[in-house]
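Scroll down for the structure; my scribbles are underneath it.
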Amino acid sequence: MGTGPATAPLLIACALGIEHLALRTGDRGGAGGPVTVLRTGMGPRAAERAVTEALADPALDGAAVLATGFCAGLAPGMHPGDLVVAEETRYPDGTVPCVETDLLVKELVRAVPGRTVHIGPLTGSDHVVRGHERSELLATGAIAVDMESAATLLSAVRAGERPVAAVRVVVDAPQHELVRIGTVRGGISAFRVLRSVLPAFYEWHRSLLLPRR
């Protein structure tokens with residue numbers, strides 16, 4: 001039996017321990033249904049495996065899925081702590097469109113005032129992107145890259161029809177490359193922003209539960 005709309009669950013997926021810590025210590029109040037924060041492990045294969053296994057649980061039947069965590073910005077002018085809302089996630093064989101992105105942008109501006117929110121395609125990679133690879137990916141139209149979002153959303157829609165989205169926090173950018181997350185100001189800034197985004201995620205999820213006219 002499917003989960004009723006009033007209690008539809010939300011699965012929030014991230015890869016790293018530091019991302020999971022930020023989400024666990026953020027504001028957990030105000031959710032519109034059961035919320036699971038899943039740490040998938042790093043890389044597309046780990047994300048695919050973890051999300052597929054999680055969504056096999058009947059408790060997550062029909063769950064909306066939101067991929068989050070840190071990313072590398074591709075566009076000039078991006079800074080650590082900026083937010084990226086994916087219009088779509090891209091993987092080698094295609095794309096997964098995201099839903100209610102305008103609402104996510106609006107709620108993120110409210111949840112994290114003063115932070116720039118970028119919206120556009122988010123592309124996947126199986127490795128950390130550096131140097132010239134940034135400009136090559138930017139030329140495809142993508143505005144940011146990470147290793148798990150595309151695999152997370154692809155696995156989610158393969159497991160059944162459901163709303164999906166991806167929101168990432170820029171931890172490094174063309175003029176602000178990081179060697180190690182959390183050891184420099186950019187990593188700390190991104191961590192603080194990630195701690196603040198849950199209310200926006202909950203509003204996005206709540207909007208999905210409202211009857212459509």
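- Here the shortest heavy-atom pairing between Leu138 and Pro76 reads CD2-CD, 3.9 Å.
- Listed for the Ser125 side chain is no donor-acceptor partner under 3.5 Å among the backbone atoms of Asp146.
- Hydrophobic clustering (ILVMFWY, side-chain heavy atoms < 4.5 Å, transitive): Phe70 and Val128 are in one cluster.
- A pairwise comparison of heavy atoms in Val164 and Pro97 identifies CG2-O, 3.6 Å as the closest pair.
- The heavy-atom pair separating Ala22 from Phe191 by the smallest distance is CB-CE1, 3.5 Å.
- How far CD of Glu100 is from CG of Leu66: 12.5 Å, rounded to the nearest 0.5 Å.
- Looking at Arg195, its side chain does come within 3.5 Å of a backbone N or O of Thr25 through a donor-acceptor pair.
- Two residues are said to be in side-chain contact when any heavy atoms from C-beta on lie closer than 4.5 Å; Arg110 and Glu203 fail this criterion.
- Taking all atoms of both residues into account, the shortest heavy-atom contact from Gly81 to Ser189 is CA-OG, 3.8 Å.
- Side-chain atoms of Arg168 never come within 3.5 Å of backbone atoms of Val84 as a donor-acceptor pair (strictly under, hydrogens ignored).
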(message) Would Cys71 and Val145 count as a side-chain contact (heavy atoms from CB on, under 4.5 Å) here? Give the steps.
(response) CA-CA 6 Å; Cys71 71; Val145 57; over 6 Å; no

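- Pairing each heavy atom of Pro34 with each of Ala8, the nearest pair is CD-O, 4.0 Å.
- Although no hydrogens or angles enter the test, the distance criterion places no donor-acceptor pair under 3.5 Å between the side chain of Glu88 and the main chain of Val96.
- No continuous path of ILVMFWY side-chain contacts below 4.5 Å connects Leu103 to Leu153, so the two sit in separate hydrophobic clusters.
- Hydrophobic clustering, with ILVMFWY side chains joined whenever heavy atoms are under 4.5 angstrom apart, keeps Leu122 apart from Tyr91.
- Leu55 pairs with exactly one of Leu38, Asp61, Leu60 by the side chain to side chain contact (heavy atoms under 4.5 Å, CB included) rule, that one being Leu60.
- The closest donor-acceptor contact from the side chain of Arg115 to the backbone of Asp82 lies at 3.5 Å or more, if one exists at all.
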Practice prompt. Carefully, step by step, assess Thr140 and Arg90 under the rule side-chain contact (heavy atoms from CB on, under 4.5 Å).
Written response: CA-CA 11 Å; Thr140 71; Arg90 296 177 174 179; 3.7 Å; yes

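- Residues Val35 and Phe201 form no side-chain contact, since every pair of their non-hydrogen atoms from C-beta on lies 4.5 Å or further apart.
- Each of Leu104, Ile119, Val167 was checked for a side chain to side chain contact (heavy atoms under 4.5 Å, CB included) with Leu83, and the lone residue meeting it is Val167.
- Ala166 and Thr89 get closest at one heavy-atom pair: CB-CG2, 4.0 Å.
- Taken to the nearest 0.5 Å, the CG atom of Asp126 stands 11.0 Å off from the CD atom of Glu148.
- In this structure, CE on Met42 lies 8.0 Å from CD on Glu19, to the nearest 0.5 angstrom.
- His20 contributes atom NE2, which lies 10.0 Å from atom OG1 of Thr40 (distance to the nearest 0.5 angstrom).
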Asp172 and Arg134: side-chain contact (heavy atoms from CB on, under 4.5 Å), yes or no, with the steps? CA-CA 11 Å; Asp172 70 343; Arg134 289 183 189 271; 2.9 Å; yes

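- Residue pairs satisfying the salt bridge (charged side-chain N to carboxylate O under 4.0 Å, His left out) criterion with at least one member in residues 35-51, sequence neighbours excluded, are absent.
- Taking OG1 from Thr52 and CG from Leu154, the interatomic distance works out to 8.5 Å, rounded to the nearest 0.5 Å.
- One distance of note links CD1 of Ile12 with OH of Tyr202; it measures 5.5 Å at 0.5 Å rounding.
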